[in-house]
Undergrad: 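Quick one: the structure is below, and I'll ask about it shortly.
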Amino acid sequence: MKVFLLTILSLVFTPYFTQKEIEINFEMNNENPELEISQLRYYISSIQLTSNGKTTFTEATSYHLIDHNDSNSTSISLRLPEEIEYNELQFNIGIDSSKNMGGVHGGDLDPTNGMYWTWQSGYINFKLEGKIENKEISYHIGGFMYPNNTCRTTRLKISGKGSNYTLVVHPDELLQKVDYEKINHVMSPGVSANLIADQLPSIFTLK
Amino acid sequence: MKEILLIFTLLTSISFIDVVLPNKEVSEKAVWPTYYYDTLSNPLTEDKIYLGRVLFYDPILSIDSTISCASCHSQYSAFTHVDHPRSHGVFDQVGDRNSPSLMNLAYQDKFMWDGAIHNLDAQALAPISEVSEMGETIGHVIEKLDRIPAYHELYSKAFGSSEITGEKTLKAIGAFMATLESKNSKYDQMMAGTAEFTEQENNGYNLFLSNCAICHKEPLFTTNEFVWNGLPLDTALNDLGRMKITHLSMDSLHFKIPTLRNVEFSYPYMHDGRMKTLRDVLNFYTSELPFENTEIDHRLNQPIILTDNEKTDLIAFLLTLTDKEFLFNKKYSFPFDFFFPSTKDE
């Protein structure tokens with residue numbers, strides 16, 4: 001019999017704005033461009049650890065809603081066998097198509113969490129609401145059917161064998177890459193949602 | 001591979017014969033497909049179905065507790081709303097579309113006239129949240145249900161724990177809807193050899209097979225496709241149908257082919273209820289169809305020619321799709337025992 005010793009690896013999600021930690025709902029008046037974020041929520045799913053490209057750990061039922069207005073939701077604890085090797089962390093931002101096809105689910109995926117569209121079925125993968133230069137922006141990014149699948153995968157190099165990692169999310173970087181003057185409201189799957197989804201993997205960094 | 005091909009040719013030749021000769025032997029053809037509904041992820045247990053039925057009839061699902069699902073989907077009219085071309089919701093608001101009849105939903109892969117919903121369990125969220133329908137949020141509905149002890153008891157029986165969640169609520173309503181089956185019309189009995197068509201009905205059936213069955217396909221009387229059947233755009237509503245979902249111009253004006261089972265009750269007809277009678281529908285297919293328009297579905301690019309008598313016969317056939325057992329089935333009706341436990345009428 002083989003005994004697995006489990007260790008816990010915590011991932012803590014923190015939003016940063018131009019190198020500074022931000023608090024959601026906190027107005028950044030003296031920054032330029034002015035940015036006020038009222039909501040930042042997204043799904044992190046299918047978390048894996050890989051070692052030189054080989055998957056060494058896959059989290060079971062891996063669906064997490066990160067809501068930066070709710071500090072209880074911003075960290076994920078992975079329980080992994082101690083001897084596991086890894087040098088890369090991989091996860092999806094959003095909910096994959098097959099889970100979407102399966103209808104409604106519970107826990108973090110319960111439709112009462114406000115991350116499920118009602119007039120059309122499907123999860124909202126990523127929500128960012130706020131004001132930039134006094135203009136309202138509201139991005140509800142979702143869609144799971146070809147060609148409007150918005151679930152994206154990100155891979156981050158991870159070094160050492162720590163037990164606590166901070167994952168920094170940079171909403172300002174997203175806004176630098178999106179023409180928010182033109183695209184300020186995205187509420188359904190389609191071209192704009194795909195465009196924004198394409199930027200999401202690069203707004204996460206590991207500290 | 002060869003065997004499969006052989007069977008395939010056999011099947012196609014059988015159905016070819018059917019088109020010419022409807023008779024009792026064809027009953028083999030009217031085989032029901034398997035469920036599209038996933039009963040593994042949501043097993044259809046009696047207690048869950050009952051909870052779903054109670055929720056379906058409870059106006060607590062709407063913001064001012066005036067409208068239940070059944071307000072727009074009434075059993076006696078095959079779970080549709082008969083008195084208005086377009087549905088009426090809370091505060092007397094009128095929606096943009098005609099409420100469809102609900103039956104045999106477990107065999108469908110997409111819901112709504114435009115296919116916006118792809119899973120029956122997710123369906124109830126749409127009317128609950130739509131301001132012109134029930135104007136609620138699922139979160140608030142859960143809070144309201146949570147205050148009612150009788151519901152805790154039903155959730156506990158249905159799911160093994162009395163906690164009320166969005167997932168359970170939606171799955172219960174989905175399970176109830178999945179059981180709404182209409183399979184015992186005179187047509188079904190004729191197919192099974194237990195009833196016979198009159199000469200007029202038989203004549204109507206033949207006309208149906210040659211003009212309509214390719215889209216309104218047996219035994220569901222729909223292929224579940226989204227197509228343009230030539231209905232012109234109502235410029236006041238500007239409803240482009242499936243294109244709203246796919247953003248593809250080739251889907252403009254495409255709507256779901258509706259089932260014709262219990263069509264006697266689904267008037268007014270079409271997605272916006274613009275036609276009052278079956279005769280209006282037949283007049284449309286025979287004289288208003290823009291069959292020369294290349295955008296129309298290819299199955300309608302030839303004129304449909306029917307005499308007045310043939311129209312009467314075709315309507316006589318359509319009326320054989322009425323299923324009284326379905327319309328009066330107690331399993332689907334208002335659950336008096338839950339809402340009025342002291343006045344149990346048995």
Side-chain angles (χ1 to χ4, degrees), chain A residues 39 41 43 61 63-65 67 69-70 73 94-125 127 140-151 183 185-197, chain B residues 36-42 95-97 109-112 114-143 145-146 159 161 163-175 177-178 242-248:
Chain A
Q39 238 199 102
R41 336 171 72 198
Y43 278 111
T61 50
Y63 295 97
H64 307 272
L65 174 58
D67 176 356
N69 282 327
D70 172 8
S73 76
I95 305 298
D96 54 85
S97 319
S98 67
K99 198 72 179 173
N100 266 295
M101 286 305 288
V104 295
H105 308 278
D108 279 7
L109 295 174
D110 197 290
T112 49
N113 292 325
M115 293 293 276
Y116 199 94
W117 268 310
T118 56
W119 58 276
Q120 164 172 26
S121 42
Y123 284 94
I124 299 170
N125 292 331
K127 247 190 199 182
H140 293 189
I141 308 306
F144 62 93
M145 276 184 285
Y146 178 83
N148 296 320
N149 189 341
T150 52
C151 182
I183 306 178
H185 277 75
V186 181
M187 302 304 232
S188 60
V191 179
S192 302
N194 293 348
L195 222 121
I196 292 176
Chain B
Y36 197 88
Y37 190 73
D38 183 358
T39 54
L40 283 175
S41 77
N42 193 21
D96 289 343
R97 290 187 184 154
D109 61 338
K110 295 191 192 71
F111 304 89
M112 301 300 209
D114 54 14
I117 308 290
H118 68 275
N119 188 296
L120 190 54
D121 294 339
Q123 167 70 38
L125 273 173
I128 289 173
S129 321
E130 171 57 46
V131 279
S132 67
E133 295 185 347
M134 302 170 108
E136 255 295 5
T137 66
I138 181 77
H140 191 234
V141 167
I142 302 305
E143 279 172 34
L145 292 172
D146 207 32
F159 294 99
S161 83
E163 193 200 354
I164 296 178
T165 68
E167 180 192 23
K168 287 179 183 173
T169 306
L170 296 170
K171 283 192 162 161
I173 300 174
M177 292 198 292
R242 183 90 182 127
M243 184 178 155
K244 183 178 157 208
I245 304 304
T246 62
H247 307 298
L248 299 172

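Per chain, numbering begins at 1; letters A, B, ... match sequence-line order.
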Undergrad: What part of A:Pro189 gets closer than 4.5 Å to chain B, counting heavy atoms only: side chain, backbone, both or neither?
TA: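 When you check distances to chain B, only backbone atoms of A:Pro189 fall under 4.5 Å.
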Undergrad: Which answer fits A:Met101, side chain, backbone, both or neither, if we ask what part of it has an atom under 4.5 Å from a heavy atom of chain B?
TA: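 Both backbone and side chain.
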Undergrad: Compile a table of inter-chain donor-acceptor pairs under 3.5 Å between chain A and chain B, counting both main-chain and side-chain atoms.
TA:
from, atom 1, to, atom 2, distance (Å)
A:Asn100, O, B:His118, NE2, 2.8
A:Met101, O, B:Asn119, ND2, 3.1
A:Gly106, N, B:Glu167, OE1, 3.1
A:Gly106, N, B:Glu167, OE2, 3.2
A:Asp110, OD1, B:Gly166, N, 3.2
A:Asp110, OD2, B:Gly166, N, 3.2
A:Asp110, OD2, B:Glu167, N, 2.9
A:Ser121, N, B:Ala116, O, 3.0
A:Ser121, OG, B:His118, N, 2.8
A:Ser121, OG, B:His118, ND1, 2.6
A:Pro189, O, B:His247, NE2, 2.9

Undergrad: Between B:Ile117 and chain A, with a heavy-atom cut-off of 4.5 Å, which part of the residue counts as in contact: side chain, backbone, both or neither?
TA: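 For B:Ile117, the contact with chain A is made by backbone and side chain together.
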